[in-house]
Protein chains: 2
Amino acid sequence: MTEDDGSMKFAPADAAPRRATAMDVARAAGVSRSAVSRAFSQTAYLDTDKRDHIRRIAAEMGYRPNALAAGLNRTRSNLVGIVAGDVGNLYDAQLLSRLVSGLTAAGKWPVVLDGSVGADRLVATDIFAYPLDAMIVRGGSVDPVMVDTCAKLHIPLVFLGCVVDAPAVDSIVCRNAEGMARIADLLLNRGRRRFAFLGGPAQWASQQQRLQGLCDALAQAGLQLIATESADFSHQGGAKVARRLLQDHDLDALVCANDAMAIGALGVARHDLGLNVPADLSITGFDDVDMASWPCFDLTTACNPVEETVAGVIELLEARLATPSAPSRRIQIDAHLVRRGTH
Amino acid sequence: MTEDDGSMKFAPADAAPRRATAMDVARAAGVSRSAVSRAFSQTAYLDTDKRDHIRRIAAEMGYRPNALAAGLNRTRSNLVGIVAGDVGNLYDAQLLSRLVSGLTAAGKWPVVLDGSVGADRLVATDIFAYPLDAMIVRGGSVDPVMVDTCAKLHIPLVFLGCVVDAPAVDSIVCRNAEGMARIADLLLNRGRRRFAFLGGPAQWASQQQRLQGLCDALAQAGLQLIATESADFSHQGGAKVARRLLQDHDLDALVCANDAMAIGALGVARHDLGLNVPADLSITGFDDVDMASWPCFDLTTACNPVEETVAGVIELLEARLATPSAPSRRIQIDAHLVRRGTH
DNA sequence: ACCCTATCTGCACACGTGTTCATAGTCACC
DNA sequence: GGTGACTATGAACACGTGTGCAGATAGGGT
């Protein structure tokens, strides 16, 4: 009865209107608040007529149980943080998109964070104020501050693209070295001998593994790289560095650390330098983004399968949530060769 | 004192460990829970020594105030839903990325939802269980169910790409017709007379406005379109339909509704059909995605500026949150011409 | 010495929900 | 009709936090 006084004050419709609560519905339906709560729970007893009545009134008022309030006495919030990679990068954009779909299908809500700001700033910022069920990090290198923070808050971490050795931290990586070895073998069998590598930023673990895989395969054939240069994984960066590489060295194989740079290199080689790809020069990428299959590029590359990766992330996530103290796991994904027209 | 009994039961360290709470910190620091709460509030009184002491212990224990619990008695959750567009589409991917950055900078946390599932399913699903501060929808057409649901829950809506006439629903759109008219004028001045339009799905408002802008500009010159076909805004779809258009008609200008399709058309025209662009045929896009400026495409297009659009969304959002009952607003963004090498 | 004020702190309530517990009601069966 | 079993429901508590209110402490002024 004292509640009535509170709800009668001035009918504040012009101020910010508030979301209907279970109490509001209970008053409108002439039942207790508990009954409203039970009307939205499958397990609780409630008379069918009463349940229908409550649900109809709730629908009219636009009531839905507030997940944040309910989450207080539940152990899961169903919120999962994603630190996105470089979304200007086509592969990362594709990955993010599929990851969002996969998490939604798994009943989790992805809160996406800008990965381009420093990870330390991300920690300083208040995303960890939210009780995330887990954190998925896409990136080339690992930030120890984030690992520590998540450990203290008991937030499971899944790393996507690099391996982290810490308790309750899982990771999923592509078999970069093996994939690159397949590319190297393909080019060696075709008779290529004068190789250069167009790599990405050195702090990316995948970049180093791809370089290593290439070097090892060449060493087995008694060869070594003529030149190695780094760009920023972007199309423009790849084009710029590829021009320098192709002008300074006499190459017959330019192996790139990802598709975007390979496509940039392809443009420079064909249009600016007038080289004949693949007759005089092989150019290869890595990842197999959508664009690699476009007829104007038709890029030979190694497929870093997005769907399989996302499925692996979801699997790691669910296993970790089911058994928080389980030992860390690492999933490795095979990168298979995609033979097209640039080798 | 009764609390002690509760906390002493078995020290359940092997089960799912729980996040430290203000009560835990209070016990460890020998102060009241209120003091801990105040230690993290700028406005509250607290002795400096005591505040430092509490914050140090909190840092050791990895304590942070739980935003969900705090959000219960606050009017904002700082969570904002984003219904993403088609992230396979390059423009939408770019837009999503910048939107995430912009929202983060504005102190909001974006919860990203898969826009490819039907909007009705999105409503049926339980994202609205969370008290979102607002919902940002990127898409070509408007789903009335979502508008109704958000209205009932008092969740402000911002539409990105189409205009919706409903209370407290804001929108931001590109001046599509004017942008397309600029392209048409450019092509007319260059002497083009035989135009075709390669459009997107009909339910997209922007698509219709772009078509309309083109038709009007042609009509002013006493011309009309020779042919109009639709694809799905994708590279592959654009390529396929462009081949048909170019084979069936004698054109000197192929105006595309977005860059992806224009680039697909460009590949078909040059490589498959051996046409000379721009000598014999003009091909134009719309949006000005990064790729349009790549030397291998060098696409003439109209710029649909991402930064400006995101800034507009943030502005609409903040204004709406400040004044929930304000009349609906519509921001229009100019699409300026980008002259490159395909006209 | 006393009082008033300014500063600090703890208690208690509110936020909105799920769930346990006890109780009222119903029905069947002896 | 009485008793037991069972169902349906409301009151109460818990989740973790911010904050109003009152009380306590200290310090200074008369």
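Per chain, numbering begins at 1; letters A, B, ... match sequence-line order.
Between the P atom of D:dA14 and the CZ atom of B:Arg18 lies a distance of 14 Å, rounded to the nearest Å. Look at CG on B:Leu46: it is 12 Å from C1' on C:dG10, rounded to the nearest Å. Taking atom CD1 on B:Ile54 and atom P on D:dG18, their separation rounds to 12 Å, with Å as the unit.
The side chain of A:Leu72 lies closest to D:dC15 when the candidates are D:dT17, D:dC15, C:dC15.
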May I have the list of side-chain donor-acceptor pairs in residues 311-319 of chain A shorter than 3.5 Å, sequence neighbours left out?
unit_1: A:Glu315; atom_1: OE2; unit_2: A:Arg329; atom_2: NH2; d: 2.9

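If you check every strand for non-hydrogen atoms under 4.0 Å, B:Arg33 touches a base. Among the atoms of the strands shown, only primed sugar atoms or phosphate atoms (P, OP1, OP2) are found under 4.0 Å from some heavy atom of A:Tyr63. If you check every strand for non-hydrogen atoms under 4.0 Å, A:Leu68 touches nothing. As judged by a 4.0 angstrom heavy-atom cut-off over every strand, B:Ser37 is placed among the base-contacting residues.
Map A:Ala22 and A:Arg38 each onto its nearest nucleotide of DNA chain C; the residue landing nearer the 5' end is A:Ala22.
In this model, the phosphate group of D:dT19 is approached by a side-chain N or O of B:Arg74 to a distance below 4.0 Å at OP1 or OP2. A sub-4.0 Å separation between OP1 or OP2 of C:dT9 and a side-chain N or O of B:Ser34 is absent.
Salt bridge status for B:Asp170 with B:Arg320: present, with a side-chain N to carboxylate O gap under 4.0 Å.
Side-chain N/O atoms of B:Ser101 and A:Asp114 include a donor and acceptor closer than 3.5 Å.
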